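Here is the structure we will look at.
A note on names: the letters A, B, ... follow the listed sequences, proteins ahead of strands, and every chain is numbered from 1. On a predicted model such as this, the values are computed, not experimentally measured, just so you know.
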Protein chains: 2
Amino acid sequence: MSLRSALLALLRVGPMSGYDLQKQFSQSVGHVWHAADSQIYPELRKMANEGLVVAEEQPRGERGVRRIYHVTDAGDQAFLAWMNSPPEYQRTRDAAHLRAAYLESAEPDAARSFLRAHIEHWTYELSCWDGELAHIEALDNPMLVNRLRVTDERDHERTIAYKRFAYEGLAARARSEIAWAQHGLETVDRLERGRSERS
Amino acid sequence: MSLRSALLALLRVGPMSGYDLQKQFSQSVGHVWHAADSQIYPELRKMANEGLVVAEEQPRGERGVRRIYHVTDAGDQAFLAWMNSPPEYQRTRDAAHLRAAYLESAEPDAARSFLRAHIEHWTYELSCWDGELAHIEALDNPMLVNRLRVTDERDHERTIAYKRFAYEGLAARARSEIAWAQHGLETVDRLERGRSERS
DNA sequence: TGGTGCATGTAAGCAGTTACATGATTAG
DNA sequence: CTAATCATGTAACTGCTTACATGCACCA
């Protein structure tokens with residue numbers, strides 16, 4: 001249900017087409033919740049069938065149709081119900097840590113490559129999230145600006161504070177992953193030194 | 001492919017039935033990679049069809065059959081190939097941080113409940129991982145003991161070190177999530193104080 | 001006329017969840 | 001005898017991925 005909530009959260013800021021939403025998912029929101037285009041269009045159709053959104057159909061050329069989706073009252077309530085409901089957690093399923101637990105089975109160089117790839121991945125994620133944080137602080141994130149425009153001015157501070165809070169959490173996680181993998185590289189070196197000394 | 005790798009990792013320690021594996025997934029390994037029984041049995045069948053494992057069939061009563069799975073050479077190679085291959089990362093999809101980014105839409109009490117649930121969830125996970133770490137240090141984790149038994153003594157140190165490394169990473173992540181949510185609770189209080197002063 | 005961006009999808013398939021379903025063995 | 005544990009699955013469904021597929025509008 002999170003894709004649905006993410007779509008509602010975006011549409012509550014203002015009506016958008018599937019394509020517009022897709023762009024959001026490849027930028028700002030996409031750094032928190034990823035969704036592919038092939039998933040967005042069918043989901044919007046389903047939401048329209050369930051009355052959470054309505055499609056304003058605009059003709060495009062001879063046959064093409066552009067659908068601008070608007071949130072309905074039912075959609076608004078569904079989003080708020082999700083926001084006020086207890087979160088659901090999935091059981092841990094972490095490929096990187098699974099692999100780490102069996103690293104003695106890998107070649108030392110493969111172990112190092114894996115840890116460097118881990119650092120590279122989380123460094124990239126961190127740069128995205130730090131970038132979003134900079135846009136929040138500078139108030140030049142287009143979605144945030146639009147959202148503040150449809151928000152009571154007394155709620156601006158909270159709106160900004162929670163956005164910042166969310167991205168700070170993701171950035172902290174990325175830093176923790178990077179530190180862990182760096183510690184891992186040191187561990188590989190230490191253990192390999194131990195092996196070469198014994199041989 | 002990670003479920004498959006996790007199954008191979010366990011079976012490389014020694015042959016086991018689907019039921020035995022299932023128990024491992026609800027204990028030690030299950031804290032890194034979760035899998036349900038309804039997923040394990042079909043996967044073992046598929047792996048047997050592909051020659052990664054062989055089932056030693058034992059009759060059980062009149063009609064029942066117990067299947068003890070053994071890793072084949074092909075299975076061993078598949079596991080090592082996975083260990084030596086570059087990791088694959090999925091795009092971020094984080095329901096808690098998505099929700100956090102829109103927390104101004106929630107009732108303050110719902111926001112607090114959410115953050116407390118987050119702390120509770122990660123505190124529980126942390127206790128599991130700290131528990132596993134204690135079993136690793138005390139050398140009384142049964143799977144680890146079995147694994148050391150089938151491992152060259154010169155590799156004992158590495159085997160233990162990487163297990164410890166994996167669980168330390170998970171524990172660090174849990175602590176980071178808890179600290180984040182605690183900071184979130186303070187943020188809610190600060191913002192709500194601000195609102196009540198203005199009203 | 002040709003490329004980029006706008007705009008919309010379908011189809012096959014995989015991984016995982018939830019619910020259902022059955023029967024054997026062993027310890028108290 | 002009965003409850004816990006051992007032991008094995010199937011079926012329907014959800015969420016997501018990958019690959020495929022089409023066509024318009026505008027600018028150079």
Side-chain angles (χ1 to χ4, degrees), chain A residues 1-8 10-11 15-27 29-30 32-50 53 55-69 82 88-95 98, chain B residues 1-8 10-11 15-27 29-30 32-50 53 55-69 82 88-95 98:
Chain A
M1 288 294 90
S2 289
L3 170 59
R4 184 166 288 208
S5 304
L7 289 168
L8 287 172
L10 289 173
L11 290 174
M16 269 186 272
S17 69
Y19 186 78
D20 294 329
L21 286 160
Q22 193 191 297
K23 270 192 301 178
Q24 293 303 321
F25 276 98
S26 66
Q27 294 165 28
V29 208
V32 184
W33 192 273
H34 167 74
D37 49 346
S38 65
Q39 207 191 345
I40 293 172
Y41 290 111
E43 187 63 30
L44 286 168
R45 285 284 177 106
K46 269 205 277 177
M47 288 163 74
N49 286 338
E50 294 174 36
V53 295
E56 173 197 339
E57 305 205 338
Q58 294 180 345
R60 239 179 77 85
E62 302 283 297
R63 277 159 295 180
V65 186
R66 182 168 182 256
R67 292 185 186 81
I68 312 288
Y69 288 93
W82 179 74
E88 279 167 37
Y89 291 91
Q90 296 158 306
R91 299 282 302 271
T92 308
R93 202 172 272 122
D94 190 302
L98 174 63
Chain B
M1 289 294 90
S2 289
L3 170 59
R4 183 165 288 206
S5 303
L7 289 167
L8 287 171
L10 290 172
L11 290 174
M16 269 187 270
S17 68
Y19 186 78
D20 294 330
L21 286 161
Q22 193 191 296
K23 269 192 301 179
Q24 293 305 320
F25 275 98
S26 66
Q27 292 165 30
V29 207
V32 185
W33 193 273
H34 167 73
D37 49 346
S38 64
Q39 207 192 346
I40 293 172
Y41 290 111
E43 186 64 29
L44 286 168
R45 285 286 177 103
K46 269 205 279 177
M47 287 162 74
N49 286 339
E50 295 174 35
V53 296
E56 173 196 340
E57 305 204 342
Q58 294 180 346
R60 240 178 78 85
E62 302 284 295
R63 277 159 295 179
V65 187
R66 182 169 182 257
R67 292 184 187 82
I68 313 289
Y69 289 93
W82 179 76
E88 278 165 39
Y89 291 91
Q90 296 159 305
R91 298 283 301 270
T92 308
R93 203 172 271 121
D94 190 301
L98 174 63

Which whole-number value in Å describes the distance from [X] [atom1] to [N] [atom2]?
| X | N | atom1 | atom2 | result |
| --- | --- | --- | --- | --- |
| B:Glu57 | D:dT8 | CD | C1' | 12 Å |
| B:Glu88 | C:dA15 | CD | C1' | 14 Å |
| A:Arg4 | D:dG15 | CZ | C1' | 12 Å |
| B:Glu43 | C:dT17 | CD | C1' | 15 Å |
| B:Leu21 | D:dT8 | CG | C1' | 13 Å |
| B:Tyr69 | D:dA7 | OH | P | 13 Å |
| A:Tyr41 | D:dG23 | OH | P | 16 Å |
| A:Phe25 | D:dC16 | CZ | C1' | 13 Å |

Report task. For the side chain of B:Asp20, starting at C-beta, report the closest nucleotide among C:dA15, D:dT10, D:dA7. Result -> D:dA7
**Report entry** Selection from D:dC6, D:dC16, D:dG15 that lies nearest to any side-chain heavy atom of B:Lys23
**Finding:**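 So the nucleotide nearest the side chain must be D:dC6.
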Report task. Quick one: label A:Gln90 by what it contacts on the DNA or RNA (base, sugar-phosphate, nothing), any heavy atom closer than 4.0 Å. Result -> nothing
Can you find a donor-acceptor N/O pair under 3.5 angstrom joining the side chain of [X] to the base of [N]?
| X | N | answer |
| --- | --- | --- |
| A:Ser38 | D:dT18 | yes |
| B:Ser17 | D:dT8 | no |
| B:Arg60 | D:dC6 | yes |

Query raised in the report: Can you find a side chain N or O atom of A:Arg66 that sits less than 4.0 Å from OP1 or OP2 on C:dC6?
Result: no
Note, [X] side chain near [Y] side chain (heavy atom, < 4.5 Å):
| X | Y | answer |
| --- | --- | --- |
| B:Arg67 | B:Glu56 | no |
| B:Leu10 | B:Phe25 | yes |
| B:Arg66 | B:Glu57 | no |
| B:Val53 | B:Leu7 | no |

Report summary line: When B:Ser2 and A:Arg67 are each assigned the nearest nucleotide of DNA chain C, the 5'-most assignment goes to A:Arg67
Query raised in the report: Once you round to the nearest 0.5 Å, how far does CG of B:Leu44 lie from CD of B:Gln22?
Result: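 These two atoms lie 10.5 Å from each other.
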Report summary line: Result for 5'-nearest mapping on DNA chain D, choosing between B:Arg91 and B:Gln39, is B:Gln39
Report task. Could you check A:Gly64 against B:Ile68 and say which one's nearest nucleotide on DNA chain D is further toward the 5' end? Result -> B:Ile68
